[in-house]
**Student:** 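I am attaching a structure below and will ask some questions about it afterwards.
Predicted model, so just to flag it, every value in this text is computed and none were measured. For the single chain, residues carry numbers from 1 onward in sequence order.
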Amino acid sequence: MTAGRPRARILSVQQTGDAAVAVVAEEGYRGSLSFIDYLQLARIEGTWKVVSKLFAHTGGEVPE
């Protein structure tokens, strides 16, 4: 990973009709922070929209 450039990768996607859940790993946010994001998506008028996000801090020190 290049210093100062955050990276994200999709770990999984589950879809049922017009609803989906995606799990995304983020690394290198604000330096060394890492998170796992749980995104709930809805297909609204043919376009996928993120309707909620829950995340867990998984690494690095949170700046003061």
**Student:** Checking Ala20 now: which residues fulfil side-chain contact (heavy atoms from CB on, under 4.5 Å) with it, not counting sequence neighbours?
**Tutor:**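 Listed in chain order: Gln15, Leu41, Trp48.
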**Student:** Scan residues 54-63 for pairs that pass side-chain hydrogen bond (donor to acceptor under 3.5 Å, both in side chains), counting only residues two or more places apart or in two chains.
**Tutor:**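 Non-adjacent pairs meeting side-chain hydrogen bond (donor to acceptor under 3.5 Å, both in side chains): zero.
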**Student:** Anything under 3.5 Å between a donor and an acceptor, one on a side chain of residues 32-39, the other on a protein residue two or more places apart or in another chain? List them.
**Tutor:**
none

**Student:** Who passes side-chain hydrogen bond (donor to acceptor under 3.5 Å, both in side chains) against Glu26, sequence neighbours left out?
**Tutor:**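 In terms of side-chain hydrogen bond (donor to acceptor under 3.5 Å, both in side chains), with neighbours along the sequence ignored, Glu26 is linked to no residue.
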**Student:** Spell out, yes or no, whether Val50 and Ile44 are grouped together once hydrophobic residues are joined by side-chain heavy atoms under 4.5 Å, including indirect joins.
**Tutor:**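 No: no chain of side-chain contacts under 4.5 Å links Val50 to Ile44.
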**Student:** Under the criterion side chain to side chain contact (heavy atoms under 4.5 Å, CB included), I'd like the reasoning laid out for Arg9 against Glu27: C-alpha separation, chi angles, the key distance, then a yes or no.
**Tutor:** CA-CA 9 Å; Arg9 58 192 165 95; Glu27 299 169 338; 3.6 Å; yes
**Student:** Tell me whether Arg43 contacts the main-chain N or O of Gly17 through its side chain, where contact means a donor paired with an acceptor under 3.5 Å.
**Tutor:**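 Yes, because the side chain of Arg43 sits within donor-acceptor range (under 3.5 Å) of the backbone of Gly17.
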**Student:** With sequence neighbours left out, what residues match Thr47 under side-chain hydrogen bond (donor to acceptor under 3.5 Å, both in side chains)?
**Tutor:**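 Expected list: none.
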**Student:** By salt bridge (Lys or Arg N to Asp or Glu O under 4.0 Å), which residues pair with Arg30, not counting sequence neighbours?
**Tutor:**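 For Arg30 there are no salt bridge (Lys or Arg N to Asp or Glu O under 4.0 Å) partners, ignoring immediate neighbours.
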**Student:** Inspect the surroundings of CD1 in Ile10 and state if more than 12 heavy atoms from other residues, nucleotides or ligands are less than 6.0 Å away.
**Tutor:**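 No, the 6.0 Å shell around CD1 holds no more than 12 heavy atoms from other groups.
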